[in-house]
Amino acid sequence: MSGFLSRLTGGQTKEAGQQDEASAPAPVPTFNHASRARLLESLENSNLGWFWASDADGRLVYISQPAAQRIGKPAEEITGRAITQVFLPIEGGEDSGHERPFKFQLAARNSIKPVTVLLDLGKTKSWWEIAGVPQTDAEGNFTGYHGIARDVSDTYESKRDAEKMSRYDSLTGLANRHRMTQQLAATLTAFKVSKRSCAIMLIDLDRFKQVNDTMGHPAGDELLKQVSARLKRILGEDIELGRIGGDEFQVIMPDQDDRGVLGDDAKRVIQMVSQPYSINGMRAVIGCSVGIAVAPFDGIDEEELVKAADLALYAAKGGGRGQFRFYSSDLRDRASYRHQIESDLRDAIAREELEMHYQPIVDVNTHRVKCVEALMRWNHTDRGMISPADFIPVAEEVGIIRELGEWALEDVCKTLQSWPGDIIGAVNVSAVQFASEDFVGIVQRVLNSTGIEPGRVELEITESVFVGDMDRAQQVFKDLKALGVRLSLDDFGTGYSSLGYLRDAPFDKIKIDQSFVRGCTAEDSKNDAIIAAVVSLARALNMDTVAEGVETKDELAAVTDEGVTHLQGMLFSRAIPSEEILARLEAGELVFEPRGPEKYRPERRTEFRKIGLIHGNDRYNVFLRNLSKTGAKIEGLLEVPVGTDFVLDLGGGQLAVATVRRSEGFSQGVEFETSLISDGADGLCTRHRVSPYQIEAAGKPLRSLNDETVAAITGNFASTTKAFVEVEIARH
Ligand code: C2E
Ligand code: CA
Ligand code: CA
């Protein structure tokens with residue numbers, strides 16, 4: 001605010017008056033009335049400040065000539081108008097708060113404190129800071145204002161831009177993190193009072209960094225713009241959508257707590273974002289993962305809710321990309337487990353806790369082994385064996401995978417050389433490793449330093465490396481082939497399946513993912529047709545095919561029928577330490593005969609979990625088995641009549657109304673009133689949950705869901721007249 005203006009409008013007039021009366025300095029003789037008029041005129045013309053005056057009816061009766069020029073109209077055309085038509089309050093923006101005070105000041109005939117107003121009479125708009133002092137006649141009647149004004153358009157515009165910048169992301173035009181945080185905090189505070197719910201979605205792009213690194217930052221920027229446009233289209237223009245980090249987006253969804261709807265929305269987002277993009281004539285493919293949390297269930301305030309959504313997002317990413325997850329309280333426990341793994345993994349190599357085991361891949365006809373897959377094993381000092389499925393994703397996340405990968409490659413090459421014969425060793429390459437710039441260089445260095453024959457090294461690469469810059473991927477394949485190593489395409493069919501790239505990529509082998517082998521003998525399974533199609537494609541391209549994860553004899557028969565050339569799986573052997581392979585090799589040829597169950601048994605979703613059961617005013621503990629979308633099998637209550645209705649407390653505020661359909665001894669088959677929905681992972685969940693607002697209404701403090709408070713309001717533990725008898729069930 002300008003000191004100049006406040007001097008003119010504050011208590012200054014009074015001060016001046018006092019000065020006149022009390023200690024008036026001797027008048028300067030030459031500075032008379034005319035001089036004073038000239039002074040004011042020169043001030044007006046200097047554009048440092050202008051004058052305006054209004055009459056008792058609020059009409060503008062005078063405005064400095066240069067001020068009128070700035071507006072773009074002769075002064076005569078401006079005077080006579082109401083000052084409220086000339087000086088417009090600013091709408092929107094931070095300054096909107098002035099609107100009421102400005103009009104209020106005028107109506108109350110108060111002095112006008114410096115305020116920024118908009119002038120919009122001529123061709124160009126301008127912003128002025130104005131101030132005014134009310135005038136009165138001898139009787140004390142209001143006669144209008146005398147005021148001053150100056151043009152502040154330059155500073156106003158830059159301030160407004162800066163403000164806009166600080167709320168909107170300049171690249172995509174979406175709200176930025178700052179605005180989203182403010183918006184969410186304000187929404188949640190208001191909703192807490194009106195007892196409304198609000199969901200948020202965190203959307204994180206998978207493999208964006210790869211595009212950015214390989215295609216360049218301008219391409220990355222363009223991709224982000226296109227992603228934003230797609231998100232806006234899917235979610236609608238009205239929804240509050242922001243970019244809160246490099247490749248992370250947030251959506252605020254007021255009054256949404258139906259996890260069925262949220263899951264469907266998330267699926268749609270994932271599907272749309274994963275469609276290919278065209279950037280400067282090049283094709284790029286990325287994926288995305290989504291984490292969802294709902295207030296007040298998963299968090300009451302902004303911080304708690306975002307943290308919950310973050311954990312859900314993290315779980316979605318860890319579960320293989322391209323998935324969504326709802327927040328649940330056990331994610332918190334998993335997060336701390338992961339944290340532990342992360343810190344221990346850094347020392348694992350140094351402490352020599354890592355070891356490579358080898359799983360034979362046998363020829364379909366002879367069952368002879370020409371190739372073994374190296375699989376990493378981590379024997380943790382305190383935790384025992386940790387599965388690579390648990391620690392490899394963490395290693396990718398925190399960037400240790402390159403180190404691990406290099407160590408693995410080197411270890412395998414050395415081991416291969418310690419074995420007699422010319423067995424091939426297949427080494428898994430993470431997409432993160434593959435994306436690193438020096439990947440080919442590292443392979444070359446390891447080949448040289450160990451002196452291994454390059455043809456004995458096979459690199460297993462998953463489809464996900466095709467996500468991002470395809471041209472670069474093709475170039476890396478070429479460079480690797482030039483080194484003489486073999487390439488195999490791992491987990492085929494699970495990723496961003498696009499057969500197009502197969503034609504040009506120099507793979508020696510396709511590994512058909514276990515998920516196609518598993519259950520390929522079931523009657524209604526289409527897996528056998530898929531396997532047959534992959535086999536004929538591979539044959540045409542002169543590639544070997546491996547059926548992964550063969551566990552039973554009927555699977556063996558099926559995949560043999562489909563024509564795969566190689567087999568891998570527990571039926572032949574699990575991964576075994578290198579010494580065992582060595583011992584077998586020294587004893588002669590490496591042949592593995594199938595040993596295992598005849599038939600594949602469809603996996604039933606068998607659970608053995610303690611849950612609550614609410615019947616009338618009573619709460620029981622029962623065991624949950626065989627949960628499906630439409631019903632469940634429970635055990636633990638004796639002789640419950642068919643037709644009995646009760647509520648199952650599945651934990652986390654999930655209550656499912658159920659009716660007993662079958663009953664035998666201590667076991668009942670129940671049907672849910674409302675079907676469960678997918679939780680994004682392999683599990684099921686209810687659409688709705690007990691609202692913390694309900695719990696609050698029952699006299700508890702408002703806080704996010706936890707099982708104790710839900711239990712406390714859903715049944716009386718102390719009842720002595722329970723309708724059913726609870727029995728002890730042993731785990732079986
Ligand atoms: P993958 O590359 O698909 O490896 C095959 C996985 O299937 C191995 O699990 C193997 O033990 C398992 N498997 C083999 N036969 C059967 C079967 O008949 N039935 C079933 N159910 N499973 C079978 P593992 O060793 O736990 O490895 C899991 C994943 O971890 C691997 O999947 C691979 O993606 C990753 N991984 C393992 N070692 C390394 C490594 O050294 N580097 C990298 N980058 N990734 C690795
Ligand atoms: Ca593999
Ligand atoms: Ca595999």
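Owing to the predicted nature of the structure, the values given are computational and were not obtained by experimental measurement. Order of appearance sets the numbers: ligands from 1, and atoms from 1 within every ligand.
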Would you say Leu459 and Arg486 make side-chain contact, with heavy atoms under 4.5 Å?
-> no
Starting from atom 45 (N) of ligand 1, locate the nearest protein heavy atom and write down its residue, its atom name and how far away it is, to 0.1 Å.
-> Asn428 CB, 3.6 Å
Among protein heavy atoms, which lies nearest atom 41 (O) of ligand 1, and at what distance?
-> Met376 CE, 3.4 Å
Regarding Thr381 and Glu353, is there a side-chain donor-to-acceptor distance under 3.5 Å anywhere?
-> yes
Top protein contact for atom 26 (O) of ligand 1, by heavy-atom distance = Pro388 CG, 3.4 Å
Thinking salt bridges, do Asp206 and Lys317 make one under a 4.0 Å N-O criterion?
-> yes
Should you measure from each heavy atom of Arg518, which atoms of ligand 1 turn up under 4.0 Å away?
-> 19 (N), 20 (C), 21 (N)
Does the side chain of Val290 reach to within under 4.5 Å of the side chain of Leu202, using non-hydrogen atoms?
-> no
Check whether any N, O or S atom of Glu548, backbone or side chain, sits closer than 3.0 Å to the Ca ion (ligand 3).
-> yes
Can you tell me how far the CD1 atom of Ile634 sits from the CD1 atom of Ile611, to the nearest 0.5 Å?
-> 6.5 Å
Below 4.0 angstrom from a heavy atom of Gly569, which ligand 1 atoms are there? Numbered from 1 as shown, please.
-> 15 (N), 18 (O)
Counting heavy atoms only, which part of Arg574 comes closer than 4.0 Å to ligand 1: side chain, backbone, both or neither?
-> neither
His357, Gln359, Gln568: member with heavy atom nearest to atom 15 (N) of ligand 1 = Gln359
Counting each atom of ligand 1 from 1 as listed, which ones have a heavy atom of Val550 under 4.0 Å away?
-> 18 (O)
What angle, in degrees and rounded to 10°, do you get at the Ca ion (ligand 2) when you join it to OE1 of Glu460 and to OD2 of Asp490?
-> 90°
For ligand 1, does Glu555 get within less than 4.0 Å through its side chain, its backbone, both, or neither, judged by non-hydrogen atoms?
-> neither
Atom 10 (C) of ligand 1 - nearest protein heavy atom and its distance | Leu375 CD1, 3.7 Å
Provide the number and element of each atom of ligand 1 under 4.0 Å from a heavy atom of Met356.
-> 41 (O)
Indicate, as side chain, backbone, both or neither, the part of Arg377 found under 4.0 angstrom from ligand 1 when only non-hydrogen atoms are considered.
-> side chain
For atom 18 (O) of ligand 1, which protein heavy atom lies nearest, and how many Å away is it?
-> Met570 N, 2.8 Å
For the residue pair Ser430 and Glu396, confirm or rule out a side-chain donor-acceptor distance under 3.5 Å.
-> yes
Got Arg259 and Ile677 here, is their nearest side-chain heavy-atom distance under 4.5 Å?
-> yes
Keeping the roles fixed (side chain from Gln568, backbone from Ala547), state whether a donor-acceptor pair exists under 3.5 Å.
-> no
Of all the N, O or S atoms in Glu373, which one sits nearest to the Ca ion (ligand 2)?
-> OE2
Atoms in ligand 1 flagged as close to Glu373, the criterion being non-hydrogen separation under 4.0 Å | 2 (O), 4 (O)
Closest Asp491 atom to the Ca ion (ligand 3) [N, O or S only] = OD1
Is any N, O or S atom of Asn428 under 3.0 Å away from the Ca ion (ligand 2)?
-> yes
Are any of the side-chain nitrogens in Glu460 or Lys509 under 4.0 Å away from the carboxylate oxygens of its partner?
-> no
Identify, for atom 3 (O) of ligand 1, the protein heavy atom at the shortest distance, and state residue, atom and that distance.
-> Asp491 OD1, 3.1 Å
If you scan protein heavy atoms around atom 20 (C) of ligand 1, the nearest is Glu551 OE2, 3.2 Å
Ion pair present between Glu555 and Lys599, side-chain N to carboxylate O less than 4.0 angstrom?
-> no
Under 4.0 angstrom from atom 32 (O) of ligand 1, is there any protein heavy atom?
-> no
Under-4.0 Å protein heavy-atom contact, atom 29 (C) of ligand 1 | no
Would you kindly specify which portion of Thr462 sits under 4.0 Å from ligand 1, judged on non-hydrogen atoms: side chain, backbone, both or neither?
-> neither
Could you tell me whether Gln514 approaches ligand 1 through its side chain, its backbone, both or neither, with non-hydrogen atoms closer than 4.0 Å?
-> side chain
Could you tell me whether Glu355 and Arg377 make a salt bridge, using a distance below 4.0 angstrom between a side-chain N and a carboxylate O?
-> no
Does the gap between the ring centers of Phe434 and Phe477 come in under 6.0 Å?
-> yes
Below 4.0 angstrom from a heavy atom of Glu548, which ligand 1 atoms are there? Numbered from 1 as shown, please.
-> 3 (O)
Heavy-atom distance under 4.5 Å between the side chains of Pro594 and Leu571, does that happen here?
-> yes
Is Val269 close to Cys288 at the side-chain level, that is, under 4.5 Å between some pair of heavy atoms?
-> yes
Salt bridge check: are Asp265 and Arg268 linked by an N-O gap of less than 4.0 Å?
-> yes
How does Leu571 reach ligand 1, by side chain, by backbone, by both or by neither, if only non-hydrogen atoms under 4.0 Å count?
-> neither
Salt bridge or not for Lys481 and Asp508, using N-O below 4.0 Å?
-> yes
